[in-house]
Amino acid sequence: MTTTTLAYRLGEPDWEQRYPVLIGTDTVIGAVFRWHRDWLTLTSEGEHNLGRPEQGRRGVPKAAALAAAGQVAAEYAAGRITAMTLADVTAAVPVLDGPVPLLHPRMPQSPRNIEAAEKVAASQALFRWKPYTGFPGSDNPQWQECELCGWQGPRYWSHQRGRNGELPSTHRHPASEEFGAPAGCVGDAKVRELIAAYQQ
């Protein structure tokens, strides 16, 4: 078997935006995902960082995910990795069962990351968000719960924060409808009433 004859495709991404890599009917051979600007693979041999796409190529689109999936397919075709189950490559929906770490396990415990995570945690508390996972940086999803309406799902800090010193839009609570959240939560007036920062 060679990579030229091995057809592969991407499955639907999980809440962490990890795309399963599939061959045949539904055989899972790994997953690919973006962490900040790098692309990583998850296979039977663990995680492997492929680095950033070549200069001039965007790192976000599905084309970059497909290129990373090609690496997984090549490893499988060469016999260096084995098939997995979908559960092996899918991030489980987090459940609160104790204290939430400040940082995502993949985030280095650097002073800069700790300071940023502490600021984000303070803002999340102020705007009535309960994180279920450690802070993964601005451009990676973090599972959160809206304390106003109870909605849970992935949120990106880059989508939640205010801009240029302004408060975040009340319509960011809990989200746009991108992940199935009801737009506007409990409504603009109620968000303003329940969050003290909007009353100042």
Side-chain angles (χ1 to χ4, degrees), residues 10-21 28 30-43 46-50 52 59-60 64-65 68 84-163 167-169 171-183 185-186 191 194-195 197:
L10 297 175
E12 289 299 314
D14 64 15
W15 74 267
E16 282 194 325
Q17 297 301 294
R18 292 191 292 191
Y19 292 87
V21 181
V28 178
V32 297
F33 60 99
R34 186 172 175 253
W35 178 257
H36 295 280
R37 287 188 282 174
D38 289 357
W39 278 88
L40 288 84
T41 62
L42 173 62
T43 68
E47 282 187 14
H48 178 69
N49 189 332
L50 300 177
R52 297 175 182 179
V60 178
M84 306 169 76
T85 69
L86 187 58
D88 291 333
V89 300
T90 301
V93 170
V95 176
L96 273 185
D97 60 358
V100 176
L102 182 63
L103 292 170
H104 186 285
R106 202 176 285 113
M107 286 287 280
Q109 296 275 334
S110 70
R112 181 178 177 185
N113 286 344
I114 290 169
E115 180 182 0
E118 287 171 343
K119 286 180 181 176
V120 169
S123 184
Q124 288 171 330
L126 179 66
F127 290 100
R128 310 286 298 274
W129 289 102
K130 183 190 304 181
Y132 279 45
T133 57
F135 180 60
S138 296
D139 297 321
N140 293 295
Q142 180 184 32
W143 194 269
Q144 298 176 39
E145 178 182 342
C146 171
E147 293 180 334
L148 303 182
C149 71
W151 176 87
Q152 290 185 24
R155 300 295 316 274
Y156 291 82
W157 176 243
S158 61
H159 297 180
Q160 284 181 280
R161 63 187 175 204
R163 299 287 186 259
L167 295 173
S169 165
H171 295 286
R172 297 282 188 185
H173 220 290
S176 67
E177 296 166 338
E178 68 180 311
F179 292 112
C185 188
V186 294
V191 168
L194 295 173
I195 297 176

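Predicted model only: the values in this text are computed from it and were never measured.
The two residues V100 and G134 come nearest to each other via the heavy atoms CG1-N, 3.9 Å. For the pair P168 and F127, the tightest heavy-atom approach, listed with the atom from each and the gap, is CD-CZ, 3.6 Å. Contact record, T41 with A68: CG2-O, 4.0 Å, taken as the closest heavy-atom pair. Of all heavy-atom pairs spanning D14 and R18, the tightest one is OD1-N, 2.9 Å. In this structure, L103 and A117 approach most closely via the heavy-atom pair CD2-CB, 3.5 Å. Among all heavy-atom pairs drawn from E147 and W129, the shortest one is OE1-N, 4.2 Å.
Considering OG1 of T133 and CD of Q142, their distance stands at 4.5 Å, rounded to 0.5 Å. The distance from atom CZ of R163 to atom OG of S158, rounded to the nearest 0.5 Å, is 6.5 Å. R37 contributes atom CZ, which lies 9.5 Å from atom CG of D139 (distance to the nearest 0.5 angstrom).
The shortest side-chain heavy-atom distance between V21 and V28 does not fall under the 4.5 Å cut-off. By the 4.5 Å heavy-atom criterion applied to side chains, E16 and H104 are counted as neighbours. The shortest side-chain heavy-atom distance between D88 and L42 does not fall under the 4.5 Å cut-off. At least one side-chain heavy atom of I195 sits less than 4.5 Å from a side-chain heavy atom of L148. Contact annotation: the side chain of R106 approaches that of W35 to within less than 4.5 Å [non-hydrogen atoms, C-beta and beyond]. Inter-residue side-chain proximity for F135 and P101 is flagged as unmet; no heavy-atom pair is nearer than 4.5 Å.
Judged by distance alone, the side chain of N113 and the main-chain N or O of Q109 form no donor-acceptor pair under 3.5 Å. A distance-only check finds no donor-acceptor pair linking the side chain of Q144 to the backbone of K130 [under 3.5 Å]. T90 places a side-chain N or O within donor-acceptor distance of the main-chain N or O of L86, the cut-off being under 3.5 Å. Without hydrogens or angle criteria, R112 side chain to I114 main chain gives no donor-acceptor distance under 3.5 Å. No donor-acceptor pair closer than 3.5 Å links the side chain of N140 to the backbone N or O of G137.
When the salt bridge (Lys or Arg N to Asp or Glu O under 4.0 Å) test is applied to R161, no partner is found at least two apart in sequence or on another chain. Listed by chain and residue number, N49, R52 satisfy the side chain to side chain donor-acceptor pair (under 3.5 Å) test with D38 (two or more places apart in sequence, or in another chain). By the side chain to side chain donor-acceptor pair (under 3.5 Å) test, S169 pairs with no residue at all, sequence neighbours left out.
Side-chain contact check for Q152 and Y132: at least one donor-acceptor pair (N or O, by modelled atom type) lies under 3.5 Å.
Between W15 and W143, the two ring planes are perpendicular [angle over 60°; tilted spans 30° to 60°].
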Verdict with supporting geometry, V186 and V191, side chain to side chain contact (heavy atoms under 4.5 Å, CB included): CA-CA 6 Å; V186 294; V191 168; 3.9 Å; yes

Side chain to side chain contact (heavy atoms under 4.5 Å, CB included) assessment of Y19 paired with F33: CA-CA 6 Å; Y19 292 87; F33 60 99; 5.9 Å; no

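Aromatic pair H48/W39: ring centres not closer than 6.0 Å.
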